[in-house]
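Remarks on the structure that follows.
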Amino acid sequence: MADQLALTVNGEPRRIAAGASIADLVVSLELDPKKVAVEHNGEIAPRSTLASVMLADGDVLEIVHFVGGG
């Protein structure tokens, strides 16, 4: 599908619309971009750049979300 990208997210295949950013992906997973750490193709993506880094076909991401508690 030309209008979708094939990604690997936390080891699982996933598709997202072409032109999506890392932040778009995080939101589509129902996570808060302010409460995640993202590794994009082996590099840590600074939280401040999540909305500006566009995804590409074949990208590999690991997303860890922080859970509060005590």
Side-chain angles (χ1 to χ4, degrees):
M1 296 181 154
D3 59 343
Q4 289 200 329
L5 304 174
L7 310 172
T8 302
V9 179
N10 294 350
E12 299 290 327
R14 181 168 291 276
R15 292 196 169 273
I16 193 164
S21 68
I22 295 175
D24 295 329
L25 173 65
V26 170
V27 169
S28 78
L29 297 172
E30 299 182 357
L31 299 172
D32 182 345
K34 295 181 184 109
K35 296 181 180 176
V36 297
V38 180
E39 182 181 281
H40 178 231
N41 296 329
E43 302 269 333
I44 297 296
R47 198 170 292 121
S48 62
T49 67
L50 297 185
S52 61
V53 176
M54 296 297 120
L55 295 168
D57 204 47
D59 279 354
V60 177
L61 298 104
E62 291 292 327
I63 301 174
V64 177
H65 61 96
F66 303 104
V67 178

Original post:
Is it true that a side-chain atom of R47 and a backbone atom of V36 form a donor plus acceptor pair closer than 3.5 Å?
Top reply: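 Side chain of R47 to backbone of V36: a pair is present.
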Distance-only donor-acceptor pairs under 3.5 Å for side chains of residues 52-63, two or more places apart:
| from | atom 1 | to | atom 2 | distance (Å) |
| --- | --- | --- | --- | --- |
| S52 | OG | T49 | O | 3.1 |
| D57 | OD1 | A6 | N | 2.6 |
| D59 | OD1 | N41 | ND2 | 3.0 |
| D59 | OD2 | H40 | NE2 | 2.8 |
| D59 | OD2 | A56 | N | 2.8 |

Subject >> Trace of the side chain to side chain contact (heavy atoms under 4.5 Å, CB included) decision for V9 with L29 >> reply: CA-CA 10 Å; V9 179; L29 297 172; 4.1 Å; yes
Side chains of residues 16-23: which donor-acceptor pairs under 3.5 Å do they make with residues two or more places apart or in other chains?
| from | atom 1 | to | atom 2 | distance (Å) |
| --- | --- | --- | --- | --- |
| S21 | OG | A23 | N | 3.3 |
| S21 | OG | D24 | N | 3.1 |
| S21 | OG | D24 | OD2 | 3.2 |

Original post:
How close do P33 and V27 get, heavy atom to heavy atom, and via which atoms?
Top reply: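 So the minimum-distance heavy-atom pair works out to CG-CG2, 3.8 Å.
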Original post:
Just how far is it from atom CD of Q4 to atom CZ of R14, taken to the nearest 0.5 Å?
Top reply: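 So the gap between those two atoms works out to 11.5 Å.
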